[in-house]
There are 4 protein chains.
Amino acid sequence: MSGQPQRADARRNRDRILQAAFEAFAVDGHLVPLDEIARRAGVGAGTVYRNFATKEALFKAVVADRIDRIVDEAQSLLHAADPAEAFYGYLTWVVERAMINHAICDALSTDLDDDKTRKDTEFTTALDALLRKAQAAGAVRQDVTVQEVRTLLVGCMLMERLRPQPPRGRMTTLACDALRSATKRNETKPRNETRCEICATPLTPAPTGRPARYCSPSCRQKAHRRRPKPT
Amino acid sequence: MSGQPQRADARRNRDRILQAAFEAFAVDGHLVPLDEIARRAGVGAGTVYRNFATKEALFKAVVADRIDRIVDEAQSLLHAADPAEAFYGYLTWVVERAMINHAICDALSTDLDDDKTRKDTEFTTALDALLRKAQAAGAVRQDVTVQEVRTLLVGCMLMERLRPQPPRGRMTTLACDALRSATKRNETKPRNETRCEICATPLTPAPTGRPARYCSPSCRQKAHRRRPKPT
Amino acid sequence: MSGQPQRADARRNRDRILQAAFEAFAVDGHLVPLDEIARRAGVGAGTVYRNFATKEALFKAVVADRIDRIVDEAQSLLHAADPAEAFYGYLTWVVERAMINHAICDALSTDLDDDKTRKDTEFTTALDALLRKAQAAGAVRQDVTVQEVRTLLVGCMLMERLRPQPPRGRMTTLACDALRSATKRNETKPRNETRCEICATPLTPAPTGRPARYCSPSCRQKAHRRRPKPT
Amino acid sequence: MSGQPQRADARRNRDRILQAAFEAFAVDGHLVPLDEIARRAGVGAGTVYRNFATKEALFKAVVADRIDRIVDEAQSLLHAADPAEAFYGYLTWVVERAMINHAICDALSTDLDDDKTRKDTEFTTALDALLRKAQAAGAVRQDVTVQEVRTLLVGCMLMERLRPQPPRGRMTTLACDALRSATKRNETKPRNETRCEICATPLTPAPTGRPARYCSPSCRQKAHRRRPKPT
DNA sequence: TATGAATGAGGGTTCATTCAT
DNA sequence: TATGAATGAACCCTCATTCAT
């Protein structure tokens with residue numbers, strides 16, 4: 001049940017189920033019915049249960065599968081020339097992946113129960129290696145632990161998911177600044193974008209005419225009411 | 001249906017339902033059955049429906065209720081003597097509240113549909129006021145918008161929730177560093193804590209004996225296998 | 001509970017409930033919630049129950065109320081100059097009323113339980129009187145009983161309800177022909193309307209062009225397939 | 001979902017559900033709970049939903065099933081030797097079927113939505129064919145349309161249902177008289193049955209003794225009160 | 001072994017009826 | 001007495017899991 005099935009067709013079924021589940025979870029999360037996953041995989045519901053004891057077990061298997069790929073990437077970056085770029089680039093890369101596939105985010109934040117020790121350790125170890133090299137190169141402040149970095153990484157995924165509007169990756173850039181040594185921030189000149197004076201919604205500058213001060217009539221009205229009455 | 005009921009018992013029931021729903025959502029999120037909420041509130045399921053047209057409406061009412069309290073706090077801090085402390089203190093306070101009540105986190109990240117404009121704007125406006133004063137005082141970098149701060153705030157809630165172990169608020173402190181002007185970070189001396197050489201789990205120093213290098217026998221074994229074989 | 005309440009306001013409430021229930025039943029039948037009836041009547045649900053033991057009892061009271069009015073009409077027609085016109089006119093009148101108020105139909109076809117004997121007898125007696133005079137005048141065949149007429153009457157209501165399209169009352173006219181003495185039918189020249197040759201749907205003649213033979217392309221196609229292939 | 005299931009047990013279950021639903025609807029109409037249907041069929045509620053997407057869909061399937069059988073009968077009568085007998089016999093036969101199974105009545109009076117065009121047309125077409133032959137043979141008046149016949153047919157079902165007492169089919173006979181050419185009625189000699197002088201309920205003649213004049217003591221009492229008081 | 005049909009415990013929601021105010 | 005809030009059984013429907021084929 002848990003090991004790798006031997007027969008070729010059984011193996012193929014298992015992979016198709018994993019793939020279908022991954023795609024389904026990526027889009028709809030946990031709430032996609034198992035029958036739907038079976039349908040996408042082109043197998044019967046019973047076959048899913050032959051390969052995975054419960055729906056939850058299937059979910060965990062998907063997640064473990066994804067962690068493997070992420071760990072691979074970390075390991076391949078270990079010997080990069082620039083440790084700072086390797087480290088920050090890796091964080092960005094993982095977050096980008098998670099934007100596409102929500103399951104990745106769950107993979108890194110969910111407990112993996114039985115398998116936890118193994119998978120979890122693998123990822124943490126690989127991330128730690130990148131972190132230490134970056135710290136040794138002075139690119140990351142010394143007082144952060146790998147667990148904190150890992151948590152921040154998941155936080156970035158969640159934040160980017162909350163703000164899908166551009167600029168993409170802004171929250172990750174910000175969060176990375178929290179990790180950088182004090183003198184190497186990504187701080188920019190204040191953007192001189194204009195925002196609604198009432199609700200701070202960014203205003204898209206109109207090509208012509210007088211620049212807008214409010215994002216909507218209702219905010220303009222609100223501002224009007226706030227102005228002191230002339231005596 | 002939507003206004004405050006007049007009768008004392010009805011009012012009391014409504015409050016009890018809101019409270020029970022709040023607690024239930026805080027722990028289990030959306031998935032707690034409505035019957036369970038009714039049971040906790042000590043009323044019948046029908047009574048819940050008398051007060052809230054659907055489960056979703058109940059959820060939104062809970063969320064709106066919480067936002068109100070959070071907005072109140074922001075407004076009360078607007079005239080604090082120290083804008084920096086007011087701003088960062090507020091972020092910390094909100095995150096702490098959210099640690100106890102997960103619904104707060106949803107409240108700030110969920111769309112509130114019809115009411116969204118109003119509640120959402122109220123919160124954003126209050127947060128923006130705090131932010132601008134802190135920026136004016138040089139305590140927050142100029143290139144962040146209130147929307148970014150808000151997202152970071154929700155991110156902190158989520159991250160703290162992922163790492164309930166001490167030190168509490170560490171992720172928030174880190175995230176705040178991302179907002180601070182470069183020279184005012186909370187960077188500390190590297191903690192000279194020792195961590196497992198394999199999986200980076202922090203090691204609690206034993207009072208006596210030789211300091212441990214690994215967190216567990218399995219990691220020790222793993223380290224052993226990695227050592228180059230003597231020729 | 002069952003008798004007439006004495007106090008003026010109580011009496012008024014009872015009447016308003018009856019009226020509201022009548023209107024609600026007329027439109028939606030039995031399935032309108034009792035709360036809705038109470039709301040329409042401008043009273044609380046409890047007040048409805050003070051006046052009528054159950055929803056069913058309320059329904060029966062409505063029905064009895066309507067029968068009263070129908071019986072009144074029958075009695076007022078008893079002394080009309082033309083017994084045939086009185087009889088057939090009465091049937092038509094009742095059916096028309098029922099077209100507007102479905103509750104009337106139920107009133108005449110539903111068992112009235114306890115009250116049945118009284119109300120039911122009243123109506124049957126009144127109808128029988130009209131019938132006998134018409135039979136005596138040779139306007140109605142001798143071999144029908146009042147029970148049959150009554151059933152036919154309800155049948156007309158139901159049929160008209162099934163065919164709300166014009167000509168209104170056609171089914172009633174037809175059914176009345178079943179009652180007439182053989183020589184006094186309402187038979188008309190065959191309407192030379194054209195109907196679809198396939199499904200018999202009446203065809204609205206176009207003002208210009210060749211007259212249509214089929215109601216729709218699909219019927220034309222069907223007709224085509226049915227034609228014998230040329231050898 | 002919609003087609004015929006392949007497995008023998010599935011097919012059997014589907015048939016049992018249809019049958020159970022048919023019987024349940026026949027007795028209680030739409031309001032029978034779906035769980036009850038499942039129970040009667042000896043399956044779980046889920047199985048019903050596997051075969052029919054909604055309760056409404058199940059109802060429509062039942063109805064469509066019945067129409068099929070009725071249409072079959074009409075088509076088999078098309079080439080009968082006596083068109084009059086075929087036509088009137090068919091009406092009687094359909095009504096008799098509907099007496100046993102109320103769902104048939106609904107089948108012919110309910111809209112069948114998507115399938116309506118097809119099923120509805122099939123039935124109307126078949127009925128129209130019978131009608132035209134009977135009209136050509138002079139057995140049916142020329143001024144009735146197939147739609148009217150159809151409505152009358154449903155009306156007969158409803159009327160017979162309202163009067164389950166003997167003689168069976170009397171209402172249908174009457175209604176058919178409405179369709180007959182004037183000279184071919186089923187008018188009989190007036191039955192010299194005696195009826196209650198008060199409420200017109202037919203009196204079953206007692207084998208011995210003086211013939212009854214009233215159907216019940218209460219009617220006798222009523223008659224007594226109506227008699228003019230002797231001066 | 002693979003299929004997909006069957007199960008049945010809930011889930012959200014409605015509404016006739018009761019009862020505290 | 002009138003109100004309308006509270007009750008809770010019942011309804012339709014879903015879906016994780018089991019099992020006959």
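To find a chain, count down the sequence lines: A is the first, B the second, and so on, and within it residues start at 1. The basis for the numbers below is simple: all heavy atoms, side chains too, and nothing from hydrogens, waters or symmetry mates.
Across the protein-nucleic acid pair, A/L58 atom CG and F/dT17 atom C1' stand 14 Å apart, rounded to whole Å. The distance between atom CZ of D/R16 and atom P of E/dA6, rounded to the nearest whole Å, is 10 Å. Taking atom OH of D/Y49 as the reference point, atom P of F/dC11 lies 11 Å away to the nearest angstrom. A/R11 places its CZ atom 17 Å from the P atom of E/dT1, with the value rounded to the nearest Å. Distance, B/R39 CZ to F/dG8 C1': 15 Å, rounded to whole Å. When rounded to the nearest whole Å, the span between CD1 of C/I37 and P of E/dT17 equals 11 Å. F/dA6 atom C1' lies 15 Å from atom CZ of B/F52, rounded to whole Å. Note: CD (C/E36) to C1' (E/dT14) measures 14 Å, nearest angstrom.
Here the nucleotide nearest the side chain of B/N13, chosen from E/dT18, E/dG12, F/dA6, is F/dA6. In the set E/dG12, F/dA16, F/dA5, the nucleotide with an atom closest to the side chain of B/A10 is F/dA5. Among the nucleotides F/dA6, F/dC15, F/dT1, the one closest to the side chain of A/P33 is F/dC15. Comparing atom distances between the C/A45 side chain and each of F/dC13, F/dG4, E/dT14 picks out F/dG4 as nearest.
Heavy-atom distances to DNA chain F give each of C/V48 and D/D35 a nearest nucleotide, and the one nearer the 5′ end belongs to C/V48. Closest-nucleotide positions on DNA chain F for D/G46 and C/G46 were compared, and the one nearer the 5' end corresponds to C/G46. Along DNA chain E, the nucleotide nearest B/K55 and the nucleotide nearest C/T54 are compared for position; the residue whose nucleotide lies closer to the 5' end is B/K55. Each of C/L34 and D/G44 lies near DNA chain E, and the nucleotide nearest D/G44 is the one positioned closer to the 5' end.
Across all strands shown, E/dT7 forms a Watson-Crick or G-U wobble pair, both distances under 3.5 Å, with F/dA16. Across all strands shown, F/dA10 forms a Watson-Crick or G-U wobble pair, both distances under 3.5 Å, with E/dT13. Look at F/dT21: its Watson-Crick or wobble partner, with both distances under 3.5 angstrom, is E/dA2.
Side-chain atoms of B/R16 and B/N13, non-hydrogen and from C-beta on, do get closer than 4.5 Å to each other. Residues B/H30 and B/E56 have side chains in contact (heavy-atom distance under 4.5 Å, counting atoms from C-beta outward). In this structure, the side chains of B/F52 and B/I17 come closer than 4.5 Å at one or more pairs of heavy atoms. In this structure, C/V43 and C/N51 have side chains that are not in contact, with every pair of non-hydrogen atoms separated by 4.5 Å or more.
Contact between the side-chain N/O atoms of B/R50 and the OP1/OP2 oxygens of F/dG4 is not found at any separation under 4.0 Å. One finds no side-chain N or O of D/N51 lying less than 4.0 angstrom from the OP1 or OP2 phosphate oxygen of E/dA5. Between F/dT7 and B/T47, a contact under 4.0 Å exists linking OP1 or OP2 to a side-chain N or O.
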Test side chain to side chain contact (heavy atoms under 4.5 Å, CB included) applied to B/D65 and B/F22, step by step
CA-CA 9 Å; B/D65 188 48; B/F22 171 66; over 6 Å; no
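Salt-bridge annotation for A/D35 and A/R39: absent, with no side-chain N of the basic residue lying under 4.0 Å from a carboxylate O of the acidic one.
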